[in-house]
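These numbers were taken from a predicted model, which means no experiment stands behind them. Computation of the quantities below employed the complete heavy-atom set of this structure, encompassing side-chain atoms and omitting hydrogens, waters and symmetry-equivalent molecules. Every number for a ligand or one of its atoms is a count from 1 in the order of the listing.
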Amino acid sequence: MPQPTESYDAVVIGGGLFGVYAALHLARTQQRRVLLIEKEPFLLTKASIVNQARLHGGYHYPRSVATARMSDDHKERFTRDHQAMVHTQFNKYYGIDRYGSFTDAQQFERFCAYLNLPCERITEHPLIRFDRLEALYRTVEYTFDPFLLADYYRQQILSEDKCSILCEAQVVQADIQGEEWLIECRAATPLTVRTPLVVNATYAATNGVLQCFGLPLIDLMHEISEMVFVHIPGFEETGLTVMDGPFASIMPYGKSGLLSLSSVAYTHHQVSYDPAPAFACQKKRSDCSPGAPANCLGCPHRPASHAVKMIKQIRHYLREEARVQYFQSMFTIKSKLRANFVDDGRPTEISKRHSQPDFYCIFAGKINSIYEIERLITP
Ligand SMILES: Cc1cc2nc3c(=O)[nH]c(=O)nc-3n(C[C@H](O)[C@H](O)[C@H](O)COP(=O)(O)OP(=O)(O)OC[C@H]3O[C@@H](n4cnc5c(N)ncnc54)[C@H](O)[C@@H]3O)c2cc1C
């Protein structure tokens with residue numbers, strides 16, 4: 001029996017923050033009827049919630065002025081648009097490790113001055129130790145709350161008449177017919193969709209989807225990543241990021257009351273240099289493959305936690321009296337452009353990969369770069 005065919009003005013693949021924002025943009029500013037296709041049972045359950053929630057202001061990228069500038073460009077608008085979801089009232093410190101850092105105090109100060117980022121050197125802190133630090137700076141950085149943000153955008157898309165949502169559905173093949181894409185979806189009821197415009201916002205699955213459309217792949221690498229959540233009495237409203245290399249960072253996870261802890265040395269468990277994320281653990285699940293990775297959140301085959309090592313690492317910078325209490329870990333796949341391997345930049349790349357029918361690919365580096373969608377996906 002032929003499968004049902006539906007027509008839409010646009011199809012967005014991937015229901016993370018970037019896919020949801022792209023769907024809203026197409027519906028609200030271009031008056032398009034949009035279908036949002038998500039592989040998992042719910043929207044916004046992967047990198048959009050499992051991240052460090054840093055509303056980047058630029059400090060983090062002394063090796064990539066381009067990423068630093070981009071972060072700063074969007075920070076103000078993101079904070080204004082998401083006031084109830086952004087935590088601004090905490091003390092944020094950047095420290096420079098005395099040993100093995102890719103930057104030093106002088107360079108960091110010059111970088112902040114160049115980008116006009118507030119940074120004041122301090123020599124005392126009741127909970128931070130200075131013996132491993134060359135310098136410590138009081139800075140201004142915020143965090144967004146990924147869970148509040150996810151709730152907000154779920155509500156936005158559910159109340160948008162022009163947007164339809166299809167969860168637990170996956171694109172398996174796509175062909176061109178005239179000036180439209182003909183997309184075959186595997187879902188509870190298999191479906192064929194016709195559309196003149198596709199947006200691929202699938203992050204770790206970017207190349208799997210490009211393959212289905214027969215389009216050139218993006219040069220990516222992938223890591224299974226662990227974010228650790230802890231509580232430190234007396235440190236609730238404090239963040240500390242140690243620069244620049246295999247060091248650790250701790251900061252309020254939005255408004256949750258918890259601190260997120262990451263470490264360049266231990267957050268990333270396994271690395272895949274393949275175009276699509278290929279990990280040994282995928283062999284243990286029939287529904288997880290490089291082209292269509294499953295959700296690591298709650299996966300029984302995720303790697304054993306590095307929480308103990310990460311806590312030990314951040315403790316190097318905290319005084320004895322700071323008690324770190326482990327709460328939980330969350331895992332997801334982090335994907336990066338291989339071109340940024342050396343400078344550690346995290347640009348958001350939106351590229352038009354096909355015209356008539358149109359195909360855009362969003363590869364997101366930073367949450368606050370959602371606005372790039374408005375600039376680059378134009379009628
Ligand atoms: C560990 C870590 C720390 C980070 N820290 C920060 C930070 O502090 N600050 C910051 O700004 N950014 C940070 N980032 C980056 C940021 O989280 C990502 O850039 C952003 O979340 C990507 O959003 P997205 O919507 O593109 O991807 P996702 O949220 O991963 O959404 C992609 C969606 O596509 C769906 N999908 C996949 N394949 C298919 C398919 N075939 N069909 C249909 N749907 C599909 C997935 O199920 C998923 O829901 C971090 C990322 C990680 C992983």
Side-chain angles (χ1 to χ4, degrees), residues 11-23 35-57 60 67 70-71 74-75 78 141-144 146 149-150 153 165-174 183 185-187 198-213 222-228 239 241 249 251 253-254 260-264 267-269 276-277 288-297 329-337 346-350 361-370 372-373:
V11 168
V12 176
I13 309 172
L17 187 63
F18 282 78
V20 170
Y21 198 84
L35 176 66
L36 175 64
I37 301 177
E38 167 55 47
K39 188 168 103 37
E40 304 299 329
F42 304 102
L43 301 177
L44 294 136
T45 61
K46 290 183 177 166
S48 295
I49 54 166
V50 186
N51 59 62
Q52 188 144 41
R54 186 190 310 270
L55 181 41
H56 282 273
H60 213 62
T67 307
M70 184 190 79
S71 313
H74 294 298
K75 189 183 67 185
F78 190 92
E141 199 172 56
Y142 304 153
T143 62
F144 52 86
L149 209 58
Y153 278 101
I165 301 166
L166 185 63
C167 285
E168 292 186 273
Q170 200 184 320
V171 173
V172 283
Q173 207 200 313
I183 305 168
C185 294
R186 192 190 299 144
V198 168
V199 176
N200 174 12
T202 54
Y203 190 59
T206 298
N207 282 328
V209 171
L210 285 171
Q211 240 156 8
C212 292
F213 283 79
H222 315 269
E223 297 158 336
I224 297 185
S225 304
E226 175 181 11
M227 289 301 313
V228 168
T241 298
S249 177
M251 60 195 298
Y253 186 60
S260 64
L261 168 60
S262 72
S263 145
V264 174
T267 287
H268 310 302
H269 284 253
C288 186
S289 64
N295 201 340
C296 304
L297 206 61
S329 295
M330 294 203 290
F331 289 76
T332 195
I333 298 175
K334 182 170 197 168
S335 300
K336 303 174 184 173
L337 294 165
R346 294 283 180 278
T348 288
E349 284 218 342
I350 302 182
C361 195
I362 300 175
F363 183 75
K366 291 277 142 278
I367 294 282
N368 49 324
S369 61
I370 46 174
E372 293 288 305
I373 290 171

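Annotation for ligand 1: atoms under 4.0 Å from non-hydrogen atoms of Ala201 are 32 (C), 34 (O). Ligand-side atoms of ligand 1 in range of His56: 7 (C), 8 (O), 9 (N), 10 (C), 11 (O), range being under 4.0 angstrom from any heavy atom. The atoms of ligand 1 that sit less than 4.0 Å from any heavy atom of Ala205 are 37 (C), 38 (N). Numbered from 1 in the order shown, with element, the atoms of ligand 1 that lie under 4.0 Å from a heavy atom of Gln170 read 41 (N). Within ligand 1, counting atoms from 1 as listed, the ones closer than 4.0 Å to a heavy atom of Gly16 are 25 (O), 29 (O), 31 (O), 33 (C), 49 (O). Ligand-side atoms of ligand 1 in range of Ile13: 42 (N), 43 (C), range being under 4.0 angstrom from any heavy atom. Close approach to Val209 involves these atoms of ligand 1, each under 4.0 Å from a residue heavy atom: 41 (N). Using a 4.0 Å cut-off to heavy atoms of Glu40, the atoms of ligand 1 that qualify are 47 (O).
Contact annotation for Ala53 and ligand 1: only backbone heavy atoms (N, CA, C, O) come within less than 4.0 Å of the ligand. Looking at Val50 against ligand 1, only its backbone comes within 4.0 Å, counting heavy atoms.
Of the N and O atoms on the side chains of Thr267 and Glu226, not one donor lies less than 3.5 Å from an acceptor on the other residue. Ser260 and Gln52 are linked by a side-chain donor-acceptor pair at a separation below 3.5 angstrom, with hydrogens and angles left out of the test. In summary, the side chains of Ser369 and His74 do not present any donor paired with an acceptor at a separation below 3.5 Å, with no hydrogens or angles considered.
Taking 4.5 Å as the limit, every side-chain heavy atom of Thr143 sits out of range of all side-chain heavy atoms of Tyr253. Considering only heavy atoms from C-beta on, Leu43 comes within 4.5 Å of Cys167 through its side chain. Contact of the Ser262 side chain with the Met227 side chain is registered, since non-hydrogen atoms from C-beta on lie closer than 4.5 Å. Two residues are said to be in side-chain contact when any heavy atoms from C-beta on lie closer than 4.5 Å; Leu297 and Phe331 fail this criterion. Considering only heavy atoms from C-beta on, Asn368 stays 4.5 Å or farther from Phe144 through its side chain.
The protein heavy atom nearest to atom 34 (O) of ligand 1 is Gly14 CA, 3.2 Å. Looking at atom 13 (C) of ligand 1, its nearest protein heavy atom turns out to be Asn51 CB, 3.9 Å. Ranking protein heavy atoms by distance to atom 36 (N) of ligand 1, first place goes to Thr202 CG2, 3.7 Å. If you check which protein heavy atom lies closest to atom 27 (O) of ligand 1, you get Tyr203 CB, 3.2 Å. Among protein heavy atoms, atom 19 (O) of ligand 1 sits closest to Ala364 O, 3.0 Å. Closest to atom 28 (P) of ligand 1 among all protein heavy atoms lies Ser48 OG, 3.8 Å.
Below 3.5 Å of separation, one finds no N or O of Gly19 facing any N or O of ligand 1. In terms of polar-atom proximity, defined here as any N/O pair under 3.5 Å, Arg54 does make such a contact with ligand 1. Some N or O of Ile367 is nearer than 3.5 Å to an N or O of ligand 1, by distance alone. Taking any N or O of Thr332, backbone or side chain, none lies under 3.5 Å from an N or O belonging to ligand 1. Among the atoms of Gln52, some N or O lies under 3.5 angstrom from an N or O of ligand 1. At least one N or O atom of Lys39, backbone or side chain, sits closer than 3.5 Å to an N or O atom of ligand 1.
Atom 30 (O) of ligand 1 has its nearest heavy-atom neighbour, among Ala169, Ser262, Ser225, Ala47, in Ala47. Between atom 49 (O) of ligand 1 and the options Glu38, Arg186, Lys46, the minimum heavy-atom separation is to Glu38. For the residues Gly365, Ala22, Ser369, the heavy atom positioned nearest atom 15 (C) of ligand 1 is part of Gly365.
To the nearest 0.5 Å, the span separating NE2 on His222 from CG on Asn207 amounts to 6.0 Å. Ile37 contributes atom CD1, which lies 13.0 Å from atom CZ of Arg186 (distance to the nearest 0.5 angstrom).
Taking the six-membered ring wherever Trp is involved, the centroid distance between the rings of Phe18 and Tyr203 does not fall below 6.0 Å.
Classification of Glu141 and Arg54 as a salt-bridged pair holds, one side-chain N sitting under 4.0 Å from a carboxylate O. With respect to Glu223 and Lys336, a salt bridge is recorded, a charged nitrogen being found less than 4.0 Å from a carboxylate O.
A donor-acceptor pair is defined here as one N or O able to donate and one able to accept, closer than 3.5 Å; such a pair exists between the side chain of Glu38 and the backbone of Glu40.
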**Item:** Intermediate values then yes/no, side-chain contact (heavy atoms from CB on, under 4.5 Å), Asn200 and Ile362
**Value:** CA-CA 6 Å; Asn200 174 12; Ile362 300 175; over 6 Å; no

